[in-house]
Amino acid sequence: MEPLPPPLLFYAAPPHGHVICSEKWRNSPLVQSLKGVQIIFENELRVADFLLPNKTSVLYVSECDIIAGSSYKRKLVRYRNAGSSFQEVVLVEKTRLSEQYFPAVQRFVVFDLGLSLLPVGGQTDASQLIAQMVHGEGRENPFRRRSSCRLLDRLVPALVQQIPGVGKVKALVLLRHFSSVQQLCNASPAELESIVGQASAQQIHSFFHKQIAGT
DNA sequence: CGATCACGTTC
DNA sequence: GAACGTGATCG
């Protein structure tokens, strides 16, 4: 019996110069040495570790993950199957300790899963890499592929526009304030009101929270 | 009140 | 999918 896959989350890319980061990284060396990058912590970021403004998502596989056995494979499979609109990149710690396992990890990530892999020496190494990708945003992203990545870029705003009272303009404004539909769903009426005004705020809140008749 | 937006209709 | 009209909403 496989556990249920994580919910499919529709994330929007973070603003320029920002990184969305899963909460568990808050006190890590990687985040602390991220220079010149604004960090948005998100506690529901289950599948990826980082989201970058160039629509890249990053999963970090540590030395410990690799040495501990094959359980890192499950994490990688879930990552790929999450079906996000982001270009998935896997950072793998290649250290003195994990070196001997690296070829096997590489084979699994690249050949079996078809993901991009970047070896890093450690968290400081990785933070430089992430800072470069955030800062050098203007340049082309070498990991960019599959045009189908663009599919959700149109789908997410279209989805938000299904909310009564929300059209093209407000959908885009909302997605600038909330990095995911999930965050939008959990927003308080007061928070919504400051963004789209009272009328739409109520419609949005009841869209997500109204009860089905009889339950 | 004037600008902006949602939303339906039209071609 | 562009262009319009209309009514609601916002500051």
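Both backbone and side-chain heavy atoms feed into the values below; hydrogens, waters and symmetry mates do not. In what follows, chains carry the letters A, B, and so on, assigned in the order in which the sequence lines appear, proteins first and then strands, with residues in each chain numbered from 1.
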The side chain of A/Q198 lies closest to which of these nucleotides: C/dC10, C/dG1, B/dA6?
C/dC10
Quick check for you: among B/dC5, C/dT9, C/dG1, whose closest atom lies nearest to any side-chain atom of A/V169?
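Side chain of A/V169 sits closest to B/dC5.
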If I take atom [atom1] in residue [X] and atom [atom2] in nucleotide [N], what distance separates them, rounded to the nearest angstrom?
| X | N | atom1 | atom2 | result |
| --- | --- | --- | --- | --- |
| A/Q162 | B/dG8 | CD | P | 11 Å |
| A/K170 | C/dC10 | NZ | C1' | 8 Å |
| A/K168 | B/dC7 | NZ | C1' | 10 Å |
| A/Q202 | C/dA8 | CD | P | 17 Å |
| A/E193 | C/dG11 | CD | C1' | 13 Å |
| A/I163 | B/dA6 | CD1 | P | 12 Å |
| A/I195 | C/dC10 | CD1 | C1' | 15 Å |

Is the backbone N or O of A/G197 less than 3.5 Å from a side-chain atom of A/S200, with the two atoms forming a donor-acceptor pair by type?
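No.
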Any donor-acceptor N/O pair, A/S206 side chain to A/Q202 backbone, under 3.5 Å:
yes
Could you tell me whether A/W25 and A/F50 have their ring centroids closer than 6.0 angstrom?
yes
Indicate yes or no: at least one non-hydrogen side-chain atom of A/V92 is less than 4.5 angstrom from one of A/Y60.
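When only atoms from C-beta onward are counted, A/Y60 and A/V92 do not touch, as no gap falls below 4.5 Å.
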